[in-house]
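Scope of the values below: all heavy atoms of this structure, side chains included, with no hydrogens, waters or symmetry mates.
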Amino acid sequence: MIFANWKENGSIAMIEDWTYDFLKATDDELLNNVDVGIAPSYIHIQLFKDLLEKAKVMIGSQDVDYGINARTSKVSASMLKDFNVNFSIIGHSEVRNLFNDSNEIIRKKFKTLISNKIQPILCIGESENEFNAKQTLKVLENQLYSVLEGANIENCIIAYEPVWAIGTGKTPEVNLVNDIHEHIKDVVQSATTNNFLPNVIYGGSLNEGNASSFFGQTHIDGSLVGGASLNANSFVKIIKEYSKVK
């Protein structure tokens, strides 16, 4: 499974060009074999749905609000459901750091997505200082238990994104990432009442050049792609690498 996080990128003209290149470079067989999703800005969700109407591509959001009050600028899960959004990214490090999303807020967002039958992609990750101090597993466990403890879930993806690797060009050793993913799966099974075994995907400076090394690992189930997804042909190459390796 390959998901694209477009962050604060995109225009009508750029998206029209991107989808033209994307559809030209893919085919039904590839998109039937690989779960592919794109999370554009809120205002471009419908445009993507219209342009990719005949392609098997999931459209999601980059975040969701957890409240039901009149909160200016926020978008609720029920609004996303009106647009038949397939998934929503929560807990991304940029949202945690820039907008002060605590684990408690992320737990509320998780609950509202589950109740609206929208698949959460829960992002977790450690800072560079925490990585250097060998606190990675402790940090990840805290993030997971804070959101998932006691939950009974059937539909959730975990995205491991070391904060120090996002957009920096730095990537951890693939064997280490594989071991961390295995640990994440064990923690989620322990935290949930139904011993849920999640798919765990990797994000953090993944591109067409290094994708195959990650996808060849047993416990890496795909990727959440950032900057590399903005070029349709590069994104398709990542999808093809995943299809070939997996």
### Query
Where do E241 and K244 land on the salt bridge (Lys or Arg N to Asp or Glu O under 4.0 Å) test, with the steps shown first?
CA-CA 5 Å; E241 282 296 325; K244 181 172 66 175; 3.4 Å; yes

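Closest approach of I15 and H44 over heavy atoms only: CD1-CG, 3.4 Å. When all heavy atoms of V57 and L52 are compared, the pair lying nearest together is CG1-CD1, 4.1 Å. Of all heavy-atom pairs between A165 and P172, the closest is CB-CD, 4.3 Å. Closest approach of G60 to V85, counting heavy atoms only: CA-CG1, 3.6 Å. Across all their heavy atoms, I89 and C123 have their closest contact at CG2-SG, 3.6 Å. Between A77 and N116, the shortest heavy-atom distance links the atoms CB-ND2, 3.4 Å.
Using a distance-only test at 3.5 Å, with no hydrogens or angles considered, no donor-acceptor pair links the side chain of R96 to the main chain of D101. The main-chain N or O of Q119 is never found under 3.5 Å from a side-chain atom of N86 such that the two would form a donor-acceptor pair. A distance-only check finds no donor-acceptor pair linking the side chain of E126 to the backbone of P162 [under 3.5 Å]. In this structure, the side chain of E161 does not engage the main chain of S93 through any donor-acceptor pair within 3.5 Å. The closest donor-acceptor contact from the side chain of Y42 to the backbone of S61 lies at 3.5 Å or more, if one exists at all. The main-chain N or O of N142 is found under 3.5 Å from a side-chain atom of S146 such that the two form a donor-acceptor pair. Within the 3.5 Å criterion, the main-chain N or O of N194 finds no donor-acceptor partner in the side chain of N152.
Considering only residues two or more places apart in sequence or on other chains, I114 meets the side-chain contact (heavy atoms from CB on, under 4.5 Å) condition with F110, P120, I153. Every residue two or more places apart in sequence or in another chain that forms a salt bridge (charged side-chain N to carboxylate O under 4.0 Å, His left out) with D63 is listed here: K109. Residues meeting the side-chain contact (heavy atoms from CB on, under 4.5 Å) test with T171, sequence neighbours left out: Y202, S205, N210, F214. Applying the salt bridge (charged side-chain N to carboxylate O under 4.0 Å, His left out) criterion to E130, with sequence neighbours excluded, gives no partner residue. Remark: E94 pairs with K7 by the salt bridge (charged side-chain N to carboxylate O under 4.0 Å, His left out) rule, at least two apart or across chains. Among residues two or more places apart in sequence or in another chain, the salt bridge (charged side-chain N to carboxylate O under 4.0 Å, His left out) test is passed with K237 by E208. Annotation: ring pair (Phe, Tyr, Trp, His ring centres under 6.0 Å) contacts of W6 (sequence neighbours excluded): W18, F48.
Side-chain polar atoms of H181 and Q217 form no donor-acceptor pair below 3.5 angstrom.
Note on residues 168-197: pairs passing salt bridge (Lys or Arg N to Asp or Glu O under 4.0 Å), not counting sequence neighbours, are E128-K170, K185-D221. Counting only residues at least two apart or on different chains, no salt bridge (Lys or Arg N to Asp or Glu O under 4.0 Å) pair has a member in residues 26-41. Sorted by first and then second residue, the salt bridge (Lys or Arg N to Asp or Glu O under 4.0 Å) pairs involving residues 70-79 (not counting sequence neighbours) are D65-R71. Sorted pairs that involve residues 82-93 and meet salt bridge (Lys or Arg N to Asp or Glu O under 4.0 Å), not counting sequence neighbours, are lacking altogether.
In this structure, I105 shares a hydrophobic cluster with Y66, the cluster being traced through Ile, Leu, Val, Met, Phe, Trp and Tyr side chains under 4.5 angstrom apart.
With a 6.0 Å radius and a threshold of 12 heavy atoms from other residues, nucleotides or ligands, K111 has its NZ atom at or below the threshold. For I12, the CD1 atom is loosely surrounded, since the number of other residues' heavy atoms within 6.0 Å does not exceed 12.
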